[in-house]
Amino acid sequence: MSVLANKNTRILVQGITGTQASFHVRRALAGGTQIVAGTSPKRGGEEYFGLPVFNNLREAKKQIEFDSCVQFVPAMGVKAAMREAVEAEVELVVSIAQGVPVHDMLEIKSMLKGSKTMMIGPNTPGIITPEEASLGIFPENIVSKGCIGIISRASTLSYEAVLETQEFGQSTVIGLGDDMIIGSDYREIMQRFMADEATKALVIIGKADNSYEQAAAEYYASLENKKPVVAFVAGIALPYGHTMGYAHDIITHGRVTVTDKKNIMRESGMIVVDNINDIHKALADLHL
Amino acid sequence: MNIHEYQAKKVLAQYGINVPKGGIAYTPAEAKRVAQKISARGPWMLKAQIQAGARANGYFSGKKGGKGGIRQITQIANIPNEASQMLNKTLITSQTGPHGRLVSKVYVEEFADVKHLFYAGMIIDSSAPAITLLISDDIIENIIQFADMGKGKFLRIPLHYDKGISDEKIYEILNFLSLDKSYLQSFHDFFGKVLFTFINLDATMIEINPVGITPEKKLLAIDAKINFDDNALFRHPDIVKMHDDYEEDERTLRAKRYGFQYNEFNGNIGCIINGEGLALAAMDTIKSHGGGLACSLNIKGGVDKEKIANGIKLIMTNPRIEGVFINILGGFMRCNMIAEGIISASQDVGLSVPMVVRFEGTNKEEAIAILQQSNLPVIFAENTDEAAEKLIAQMEVND
């Protein structure tokens, strides 16, 4: 079992002919990920890694079955790529691009509302279910099949979380994306991990900015049967209001420091560690 | 990206928003000429142009308690003298930090005859997510003050991205400001235009502090501040042209040129990482061991050897550095390129402070071998916590 992606997930790569895409598609295929096709404007009809390439998702949908997309499109193309995905009713889209304009994300969020599409990212390493599927750029060689689910809002720290959970292995690792506005937040993903048989405990990596962690804690507190969550929130040493992304949320919703965030998470029942290198010990103490 | 007040007003005026008549001046004599051109009679406003707020309550270097960076002047003859007290002087405000900012130009404006002043700010609330309008009748010096203001002290109105501002929302504002229905049209017109500007120019903040209401019930932007989304600047070449390099320090600018992000803090450790999360974790871990960052360089996405070496030099030549902390999680970024960058930078500028390096991921072993062969006094660590502990211990030895 796993969350969002497994060996049966049929994946189409948007922007398959780009350099980044080529590198990661080759790796994912070698690892057994079921990539079935790709899109690339004006390249329809070609073959890439033996996979059919279509001009767009509409054309692809007529000829091939797929349920998920990975986008290797540049930041400025994400809005158009998301519109295609929403119109083609793709269930899951992982968007890797860094630097998507925030106003584009506002538009994308309103497109997603009421649609059949779930978006992960942007600015994320993606999703990886060890030995089954890789949607994004997570290196396969550091993950191993196991019982810890990881959800992270800090891309580079998700690798740290993987290293901390090596003894237990991972059910699925999901990067929500580092940006101010993201496609999906913790709650939607936590819900799935709570229902996943393979996952015995969750690791959550949060950040100083925005209010996503508070919402996650609120959701966790409301659960009746819950799996243990070990959480780390980065940025306690960050000078207050250092980034505008941070300021926006405290401006609109009141001051919440990293310490406040940690307290809120602790009160919800999560095990909150102060140092990222304490995650392993906290998990070991659970005797999973 | 930020722009100056005079530029922000020009932008707003282009979108049909009323602003006081004004002009920019680089010398005292020019300030007088601009004033005469704007209006035959005073008073005039003289405003130091720096990209930081709270100018009125600030002071010029060496003149603590003296007059600030926004002044009302009644006699035309006094303008050159007042302008010379600002030009090429350093203005210190609650938002500039202790070093202040050098004033290289002043904005001369007609005095606006307004009867009611209030605060208006437009930002993006990421949790909704929605563009959000903030209104306050109180004096706000820094937008961050809203964080500590109680509910009811200010008005927060989420705006629909594609629906604009409804009459109901304008009534809400009027009600909050105790104004009657006769202001509906001018408020609707004003905030509709502000929203249009915000969306059209990919702004992340527009602050009009204050908005003034004229006797004719027109709204006027007395002050203006606009921040733009750096990621969307490719759509706005005209805005990019407004960038003032003098507003950023040299290291930040140079790091940007290499495609990296440089930040400064109050401590004494220089930190090189590849990713924002790593930067935060480095800062937290160093703090937990009793240290603090002086500066950090995020070389995420760096693939050019020369740029990496130059970036590392920016950190190593910072005079406040007493130790260097390097934490690289190699993925795209190959650890050996960082190792080569460290060696090349050390050859150019020397390595006189302790340096702890933690490599993980792509080409980790190769990177460690390269550094070991270089005979540089580099200390290696296996994880972030160990790296911070070793660095601070070594810095204490050096003391």
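Keep in mind that the numbers below use all heavy atoms, side chains included, and drop hydrogens, waters and symmetry copies.
Using a 4.5 Å cut-off between heavy atoms, A:I182 makes no contact with chain B at all. For A:F138, no part sits under 4.5 Å from any heavy atom of chain B, backbone or side chain. No part of A:I142 comes within reach of chain B, as not one of its non-hydrogen atoms sits under 4.5 angstrom from that chain. In this structure, chain A has no heavy atom under 4.5 Å from any part of B:N298.
Annotation: B:N266, atom CG; neighbour count of heavy atoms from other residues, nucleotides and ligands within 6.0 Å does not exceed 12. Within 6.0 Å of CZ on B:F176 lie more than 12 heavy atoms contributed by other residues, nucleotides or ligands. Counting non-hydrogen atoms of other residues, nucleotides and ligands closer than 6.0 Å to CD of B:E382 gives a total of 12 or fewer. Within a 6.0 Å sphere centred on CD of A:E188, other residues, nucleotides and ligands contribute more than 12 heavy atoms. A 6.0 Å sphere centred on CZ of A:R187 holds no more than 12 heavy atoms belonging to other residues, nucleotides or ligands.
Chosen from B:R358, B:E386, B:E276, the residue pairing most often with chain A at heavy-atom distances under 4.5 Å is B:R358. Of the listed residues B:L293, B:L280, B:I131, B:I286, the one with more heavy-atom pairs under 4.5 angstrom with chain A than any other is B:L280. Taking B:A279, B:G277, B:G121 one by one and counting their heavy-atom pairs under 4.5 Å with chain A, the maximum is reached by B:G277. Note on B:D230, B:D202, B:I273: by heavy-atom pairs under 4.5 Å with chain A, the leading option is B:D202.
When atom types are taken as modelled, the side chain of A:T156 and the backbone of B:L278 share a donor-acceptor pair closer than 3.5 angstrom. Side-chain atoms of B:D385 never come within 3.5 Å of backbone atoms of A:N277 as a donor-acceptor pair (strictly under, hydrogens ignored).
Here the OG atom belonging to A:S211 is positioned 7.0 Å from the CG atom belonging to B:D125, to the nearest 0.5 angstrom. Atom CG of residue A:N123 and atom CG of residue B:N231 lie 9.0 Å apart, to the nearest 0.5 angstrom. With rounding to the nearest 0.5 angstrom, the CG atom of B:D229 is 9.0 Å from the CE atom of A:M180. Atoms CG and OG, from A:N210 and B:S126 in turn, are 3.5 Å apart once rounded to the nearest 0.5 Å.
When side chains are defined from C-beta on, B:T285 counts as touching A:N275, because their heavy atoms get closer than 4.5 Å. Between A:M76 and B:F234, some side-chain heavy-atom pair lies under the 4.5 Å cut-off.
Taking all atoms of both residues into account, the shortest heavy-atom contact from A:L106 to B:A130 is CD2-N, 3.9 Å. When every heavy atom of B:D284 is checked against every heavy atom of A:G235, the shortest pair comes out as OD2-N, 2.6 Å. Heavy-atom minimum distance, A:H103 versus B:A203: NE2-O, 2.6 Å. The shortest non-hydrogen separation linking A:A237 to B:K287 is CB-CD, 3.6 Å.
Between B:R235 and A:D104, at least one side-chain N (NZ, or NE/NH1/NH2) sits under 4.0 Å from a carboxylate O, which counts as a salt bridge.
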Test side chain to side chain donor-acceptor pair (under 3.5 Å) applied to A:E160 and B:T384, step by step: CA-CA 9 Å; A:E160 291 274 23; B:T384 310; 3.0 Å; yes
